[in-house]
2 protein chains.
Amino acid sequence: MGTVLTIISGVSTPWTDHARERLVSSGHRAGGARERVVALLSEQRCCLSAQDIHARLDREIGLASVYRALDTLTRLQLVSRVDVEGTACYEPAGPGGDHHHHAICGDCGRLDPFEDPELERLIDRAGERLGYALRAHDLVLHGRCPECARVHSP
Amino acid sequence: MGTVLTIISGVSTPWTDHARERLVSSGHRAGGARERVVALLSEQRCCLSAQDIHARLDREIGLASVYRALDTLTRLQLVSRVDVEGTACYEPAGPGGDHHHHAICGDCGRLDPFEDPELERLIDRAGERLGYALRAHDLVLHGRCPECARVHSP
DNA sequence: ATAGTTGCAAAACCTTTGCAGTTAA
DNA sequence: TTAACTGCAAAGGTTTTGCAACTAT
């Protein structure tokens, strides 16, 4: 039963709880692989790619299962997908999952998450203006981070 | 010489001119393949993937050359790259190239470009706050377009 | 002559899919 | 028992790279 899995994974947060509920209520069954993906995602401060997740789980679960879990979670809007440098990255979304955007340093590859409520508001308004029923959005800034700027132009 | 190529391609806009200048001034030589990519890009109202470009040029130039041209142009900040549904799309950027964002309909795949000066301002401010020297940014909205909304929930 | 450009084919990635076995409910 | 879940291996896409020939300067 779900409780057992919760204990096994050792992770329970508002987001994992919400995710597990929604999975069950949409006809999904508890499964070890997906549960580990959920648990891992809930512990991240920022997004991970499928390959990242596979590696951090010590390759104990199949890569295909990671992709399938992410696909399911994305469809249920439990995680949001961000395209970073040609690869898809995922992070918790919806209730309990904090929403933010990303800035990537083109020099060192560093990825900084950031929040901006005003930006959110403006994005929603843009969606309305276009007549779109928005499900998600992602914003990625590209540039040079403070560290690299210090080194290259002192 | 450059003039000849300009005549051959038959395309001259503020953006193509700027691009050709910048290419030369950064040590690049005129080449048929890249010139055709530049000419094609300048005629688009929205972004194209490398494969799109290859197809629209009737496969007369190698796919690898398209990728290489796009890579060069991106590095010189003459085109901006947007990740759309797992594939990279490119469009003119910088002087003469108009900047906009994209909304994608998850149902029909339609892609709507849109502009929003206020959003630009806010994004720039976010960059400053993070201490980033911004080179580019891309925002993609995901949702259901007005057309699809009409059909599915009348 | 030098160094950038190109096309082709091969390789490297990321992601999806088919299938057979396993497992939750 | 049924339908979901999983791992593996194969397949499908996109993008990159090695290499030899070509060409603008």
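Quick caveat: nothing in here was measured; it's all calculated off a predicted structure. Just so we're on the same page: letters track the sequence lines, and every chain starts at 1.
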Tell me the interatomic distance from [X], atom [atom1], to [N], atom [atom2], rounded to whole angstroms.
X	N	atom1	atom2	result
A:R20	D:dA4	CZ	C1'	18 Å
A:R36	D:dC5	CZ	P	18 Å
B:R59	C:dT6	CZ	C1'	18 Å
B:L57	C:dG7	CG	P	10 Å
B:I61	C:dG7	CD1	P	6 Å
A:H28	D:dT2	NE2	C1'	16 Å
B:R34	C:dG7	CZ	P	12 Å
A:L23	C:dA25	CG	C1'	15 Å

Do the ring planes of B:H99 and B:H137 sit parallel (below 30°), tilted (30 to 60°) or perpendicular (above 60°)?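 Judged by the thresholds at 30° and 60°, the geometry between B:H99 and B:H137 is perpendicular.
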Indicate yes or no: at least one non-hydrogen side-chain atom of B:E60 is less than 4.5 angstrom from one of B:R36.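 Yes, side chains in contact.
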Side chains of B:I104 and A:Y132 in contact at under 4.5 Å (non-hydrogen atoms):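 Side-chain contact under 4.5 Å: no.
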Would you please confirm or rule out a distance under 4.0 Å between OP1 or OP2 of D:dT16 and any side-chain N or O of B:Y67?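 B:Y67 to D:dT16 OP1/OP2: no side-chain N or O under 4.0 Å.
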Would you indicate which nucleotide in [options] comes nearest to any side-chain atom of [X]?
X	options	value
B:Q51	D:dT15, C:dA9, C:dT6	D:dT15
B:R68	D:dC8, D:dC19, C:dT15	D:dC19
B:R29	D:dT25, C:dG7, D:dA4	D:dT25
A:S65	D:dG7, D:dC5, C:dT5	D:dG7

Contact class for [X] vs. all strands (heavy atom < 4.0 Å): base, sugar-phosphate, or nothing?
X	result
B:G27	sugar-phosphate
A:L63	base
A:A64	base

Do NZ/NE/NH1/NH2 and the carboxylate oxygens of A:D17 and A:R20 come within less than 4.0 Å?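 Looking at A:R20 together with A:D17, the answer is yes, because their closest N to O distance falls below 4.0 Å.
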For A:R125, is there an ion pair with A:E128 - N to carboxylate O distance below 4.0 angstrom?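 Result for this pair is no, no salt bridge flagged.
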Closest-nucleotide mapping onto DNA chain D: is B:C89 or B:V24 further toward the 5' terminus? I mean the 5' end.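 Of the two residues, B:C89 wins.
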Please list, by residue number, the residues of residues 69-85 of chain B whose heavy atoms come closer than 4.0 Å to an atom of DNA chain C; answer none if no residue qualifies.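 By residue number: none to list.
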Taking all non-hydrogen atoms of both residues, which atom of B:R34 and which atom of B:R29 are closest, and how far apart?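 Shortest heavy-atom separation between B:R34 and B:R29 comes out as NH2-O, 2.5 Å.
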Heavy atoms only: give me the nearest A:L41-A:P92 pair and the separation to one decimal.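 Looking at all heavy atoms of both residues, the closest pair is O-CG, 3.5 Å.
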